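Structure record follows, encoded as structure tokens.
All figures in this text were calculated on a predicted structure; none of them were measured in a lab. Each ligand, and each atom within it, is numbered from 1 in the order the structure gives. No hydrogens, no waters, no symmetry mates; every other heavy atom, side chains included, goes into these values.
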Amino acid sequence: MALKILSVVGARPNFIKIAAICEAIKGINSLGAAEQIHHVLVHTGQHYDSNMSDSFFNDLELPKPDLCLGVGSASHSIQTARIMERFESVVQNEQPDVVLVVGDVNSTAACALVAKKTWCRGNRGAKGFIPKLAHVEAGLRSFDRTMPEELNRIVTDCVSDYLFTTEKSANQNLRREGIPAGRIFFVGNVMIDTLLRHRSKAQESTILQDLQLLGRDGIKSYAVLTLHKPPNVDDKQVLSRILDAFLDISKRIPVIFPAHPRTFKRIQDEDLGDYFVDHFVQGPEPWDSRVRIRLVPPLGYLDFLHLMSGARVVLTDSGGIQEETTILGVPCITLRDSTERPVTLEHGTNVLVGSDPEKIIREFGRVHCNERKSDRSPRFWDGNAAKRIIKVLVDDFSPE
Ligand code: UD1
């Protein structure tokens with residue numbers, strides 16, 4: 001019987017990771033084996049705005065989801081509960097061999113729990129079965145349990161049957177937590193699979209022209225900023241202090257800020273608009289008389305990849321961007337006190353500064369004056385992680 005994999009996506013970073021999985025499944029199926037992998041894609045609807053979701057499906061050429069749960073935004077508990085409630089019948093109806101979840105968002109943990117609590121009464125004998133659970137990007141730990149993502153990671157890893165890891169530290173974390181070695185597979189990074197696959201296509205993006213970042217002498221020096229983690233944006237004092245630092249930086253080079261909807265809402269609610277110029281409404285010029293952070297809407301995958309690739313520095317609190325800048329060789333200043341991705345500090349261009357404005361400005365000064373560091377790829381960040389994952393699953397489900 002053909003292997004049936006049901007993959008879950010919910011939030012923006014999930015789409016990027018699942019794109020690699022879809023590609024790997026397509027690749028295997030195109031070899032023409034009699035037993036084709038049956039892939040079902042479920043979108044929980046955690047992210048639903050067109051620039052947070054649809055544009056990623058287009059850019060990444062993702063297949064249309066087979067099922068959309070339409071959960072939308074709510075508090076963490078309500079959002080998680082809604083996903084669980086709606087996902088249960090999906091598992092019962094689809095009866096997949098494997099439920100595959102990625103990353104650390106609420107959709108990941110919610111669907112992981114449901115997968116392992118749902119008894120499927122299929123045509124596999126009277127006893128029925130519980131699907132196997134595969135977690136892609138398992139074992140990452142920031143050791144900061146105030147982060148919802150950390151709880152989502154721990155919960156998901158606890159109940160997973162296949163734990164696919166991106167870096168050695170993740171294997172060590174899982175072993176320390178008592179996960180048997182036989183369940184852990186060090187396969188590399190699917191987010192990097194997608195980056196490498198789309199890197200040349202992203203160069204066709206016109207985002208640098210659109211943002212007037214191409215001068216007569218080539219690309220201007222600019223910084224890219226992303227910010228959305230609750231500890232950085234939920235408290236007005238903290239957010240204002242961070243924005244003060246960026247305002248300072250924007251006196252030296254343009255700071256482009258594709259704002260996440262939750263951050264944009266905070267800026268509006270707290271009346272912090274004076275820090276910004278809305279690039280597409282007010283225009284970027286003149287530089288000298290109106291120095292502000294340049295606010296733009298959330299960008300699609302290809303535009304953002306191109307923007308990030310040409311940046312002098314990226315300032316962020318995102319997890320995935322720490323990894324992407326590592327491969328791009330672009331300096332990354334992370335506005336957090338911890339990272340669950342230590343390989344980006346050891347091998348990459350990443351440095352942690354927290355939310356202290358002085359540290360942010362000091363680190364920016366250091367990066368701005370120094371030459372770019374060369375990029376050194378962590379092991380298995382080579383474009384083949386998803387193929388390794390699918391191979392493990394196919395081999396495990398193949399008849400002897
Ligand atoms: C989620 C993930 C985070 C990930 C981020 C990437 C969790 C716990 N967090 O955070 O790990 O880094 O996605 O973007 O799952 N909103 C919209 N439109 C959308 C989506 C969200 O306006 O399409 C707004 C809503 O006001 C919502 C808020 O953003 O309440 C938060 O969205 P949510 O998905 O709950 O968490 P994120 O902050 O996006």
Side-chain angles (χ1 to χ4, degrees), residues 8-19 43-60 65 68-84 87 101-113 135-138 140-142 144-156 191 194 224-235 239 257-270 295 297-301 304 308 314-325 332 334-336 338-341 344:
V8 176
V9 289
R12 191 166 57 173
N14 294 167
F15 309 136
I16 304 168
K17 292 164 196 168
I18 283 295
H43 188 339
T44 65
Q46 177 174 346
H47 285 177
Y48 45 85
D49 284 350
S50 102
N51 53 14
M52 297 292 285
S53 178
D54 297 353
S55 79
F56 282 76
F57 276 78
N58 293 335
D59 277 4
L60 298 168
C68 295
L69 308 185
V71 298
S73 298
S75 72
H76 279 260
S77 299
I78 292 177
Q79 187 177 61
T80 306
R82 272 189 202 152
I83 299 168
M84 291 181 75
F87 190 58
V101 296
V102 295
D104 55 17
V105 303
N106 288 341
S107 302
T108 311
C111 294
L113 276 178
H135 184 204
V136 174
E137 206 184 85
L140 297 179
R141 296 288 181 267
S142 66
D144 174 359
R145 289 202 177 195
T146 64
M147 287 178 74
E149 292 84 358
E150 183 77 350
L151 297 182
N152 290 338
R153 290 180 204 117
I154 292 168
V155 165
T156 307
M191 193 164 221
T194 299
V224 174
L225 163 65
T226 83
L227 199 67
H228 72 280
K229 289 280 190 275
N232 284 335
V233 303
D234 282 0
D235 182 284
L239 179 57
F257 181 24
H260 188 288
R262 86 191 313 277
T263 313
F264 189 72
K265 191 165 180 306
R266 297 295 305 151
I267 290 167
Q268 283 181 320
D269 291 352
E270 300 294 357
L295 195 65
L299 299 177
Y301 182 74
F304 188 70
M308 204 166 36
V314 174
L315 300 121
T316 190
D317 59 6
S318 146
I321 291 174
Q322 297 171 47
E323 298 181 338
E324 290 167 331
T325 47
C332 179
T334 297
L335 280 78
R336 285 174 43 191
S338 60
T339 180
E340 60 287 341
R341 294 160 159 93
T344 62

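- Rounded to the nearest 0.5 Å, atoms NE2 (His76) and CG (Asn106) are 5.5 Å apart.
- Residue, atom and distance of the protein heavy atom nearest to atom 27 (C) of ligand 1 are Ser73 OG, 3.2 Å.
- Residue Arg262 touches ligand 1 through backbone and side chain together, judged by heavy-atom distances below 4.0 Å.
- In this structure a side-chain-to-backbone donor-acceptor pair under 3.5 Å is present from Asn14 to Ala11.
- With ligand atoms numbered from 1 in the order given, ligand 1 contributes 8 (C) to contacts under 4.0 Å with heavy atoms of His76.
- The protein heavy atom nearest to atom 5 (C) of ligand 1 is His228 NE2, 3.5 Å.
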- request: Dump the intermediate steps for ring-ring contact (aromatic ring centres under 6.0 Å, His included) on Phe15 and His43, then the final yes or no.
  value: CA-CA 9 Å; Phe15 309 136; His43 188 339; 5.1 Å; yes
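- Under a 4.0 Å heavy-atom criterion, Pro13 is in contact with ligand 1.
- Nearest protein heavy-atom neighbour of atom 22 (O) of ligand 1: Pro261 CB, 3.2 Å.
- The single protein non-hydrogen atom nearest to atom 2 (C) of ligand 1 is Val105 CG1, 3.6 Å, given as residue, atom name and distance.
- Remark: side-chain polar atoms of His47 are not paired, donor with acceptor, to backbone N or O of Ser73 under 3.5 angstrom.
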task: Go through the steps for Ile83 and Cys111 under the test side chain to side chain contact (heavy atoms under 4.5 Å, CB included), then give the verdict.
output: CA-CA 7 Å; Ile83 299 168; Cys111 294; 3.6 Å; yes
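- Rounded to the nearest 0.5 angstrom, Ile154 CD1 and Leu140 CG are separated by 11.5 Å.
- What sits closest to atom 3 (C) of ligand 1 on the protein, heavy atoms only, is Glu149 OE2, 3.3 Å.
- Between the Thr263 side chain and the Leu227 main chain, a donor and an acceptor come within less than 3.5 Å of each other.
- Interatomic distance, CZ of Arg145 versus CG of Leu151, reported as 7.0 Å (0.5 Å rounding).
- Residue Asp49 has at least one N or O atom closer than 3.5 Å to an N or O atom of ligand 1.
- Proximity annotation for atom 7 (C) of ligand 1: of Lys229, Gln46, Arg266, Gln46 comes nearest, heavy atoms only.
- Under the 3.5 Å distance criterion, the side-chain polar atoms of Gln322 are left unmatched by any main-chain donor or acceptor of Thr344.
- Residue contacts with ligand 1, taken as heavy atom pairs separated by less than 4.0 Å, involve His47 via backbone and side-chain atoms alike.
- At least one N or O atom of His260, backbone or side chain, sits closer than 3.5 Å to an N or O atom of ligand 1.
- Here the heavy atom of the protein found nearest to atom 17 (C) of ligand 1 is Tyr48 OH, 3.3 Å.
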